[in-house]
Every structure is written in C-alpha cells, then in structure tokens.
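Worksheet: the structure to be examined is printed underneath.
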Amino acid sequence: MTHVRAAATVAQWVEVHRLAVAGREPAIARHVGDRVARVWLRTSRFADVEALAIATLTLSPDAGAFYHRG
C-alpha cells in the first residue's frame, strides 16, 4: 500500500509541475521539478528527468535543472 500511495504522490507532483510550466510559474516548476527529479533519479528514470529539466528550463535558467540534465 505504501508504494501505491508514493506513486500517486509522484504522479500528483508531476501534474503540478506540468501546470506550473503551462502557467509560466518558474518558482513552482523549479521546486516541484527538483522533488520529482530526485525521486526519479533513484529509480534510474534518466530520460524522464531530462524531459522534466528541459521543461523547467523553458521558463528561466535554473542551476538545479541544469544539474539534473547532467
């Protein structure tokens, strides 16, 4: 049950990030993107992390997003 709950939480954070990018809210996108990227990096979802970072970088430069791109 814990993994299902965690997966739902990550999915919700991904949706928040998507909405932040669509709404042109760089501070929210940076914060949420960092949280999601850290979870995904632990599970080797490198392509997803790169896509997330690129979406964040469409709003403004961000050191964390550059770091997550590798």
Side-chain angles (χ1 to χ4, degrees):
M1 183 71 173
T2 304
H3 290 104
V4 173
R5 181 178 209 114
T9 301
V10 172
Q12 289 169 342
W13 281 115
V14 171
E15 180 64 8
V16 170
H17 181 269
R18 186 190 69 76
L19 292 170
V21 170
R24 311 290 299 164
E25 293 290 339
I28 297 170
R30 282 193 303 266
H31 176 72
V32 174
D34 183 60
R35 282 182 79 160
V36 173
R38 289 173 189 265
V39 171
W40 281 353
L41 285 172
R42 287 193 306 250
T43 58
S44 300
R45 291 183 63 178
F46 304 118
D48 293 327
V49 170
E50 182 176 17
L52 191 78
I54 289 170
T56 302
L57 290 170
T58 63
L59 301 175
S60 66
D62 175 53
F66 282 121
Y67 176 79
H68 291 307
R69 281 201 64 205

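Heavy atoms only: backbone and side chains are in, while hydrogens, waters and symmetry mates are out.
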Problem - Minimum heavy-atom distance between V49 and W40, given as atom pair plus value - result: CG2-CB, 3.5 Å
Exercise for the section: Step by step, work out the salt bridge (Lys or Arg N to Asp or Glu O under 4.0 Å) result for R38 and D34. Expected result: CA-CA 6 Å; R38 289 173 189 265; D34 183 60; 2.9 Å; yes
Practice task
Compare every heavy atom of V36 with every heavy atom of W13, then report the nearest pair and how far apart it is.
Solution key: CB-CG2, 3.6 Å
Practice task
Identify whether V10 and V16 are in the same connected component of the hydrophobic contact network (ILVMFWY, side-chain heavy atoms under 4.5 Å).
Solution key: yes
Problem - Least distance between heavy atoms, P26 atom then L59 atom - result: CA-CD1, 3.7 Å
Exercise for the section: Check the pair T56, H68 against side chain to side chain contact (heavy atoms under 4.5 Å, CB included), reporting the backbone distance first and the verdict last. Expected result: CA-CA 11 Å; T56 302; H68 291 307; over 6 Å; no
Exercise for the section: Look at the side-chain heavy atoms of Ile, Leu, Val, Met, Phe, Trp and Tyr, link any pair under 4.5 Å apart, and say whether V32 and I54 land in one connected group. Expected result: no
Problem - Shortest non-hydrogen contact from A20 toward I28 - result: CB-CG2, 3.7 Å
Exercise for the section: Supply the atom-to-atom distance R35 CZ to T9 OG1, rounded to the nearest 0.5 angstrom. Expected result: 8.5 Å
Handout entry: Rounded distance (nearest 0.5 Å) linking atom CG of L57 with atom CD of E50
Key = 10.0 Å
Fill in the blank from the handout: Rounding to 0.5 Å, atoms OG (S60) and CD (E25) come to a distance of 11.0 Å
Practice task
Could you give me the CA-CA distance, side-chain angles and deciding distance for L52 and H17, then say whether side chain to side chain contact (heavy atoms under 4.5 Å, CB included) is met?
Solution key: CA-CA 8 Å; L52 191 78; H17 181 269; 3.4 Å; yes
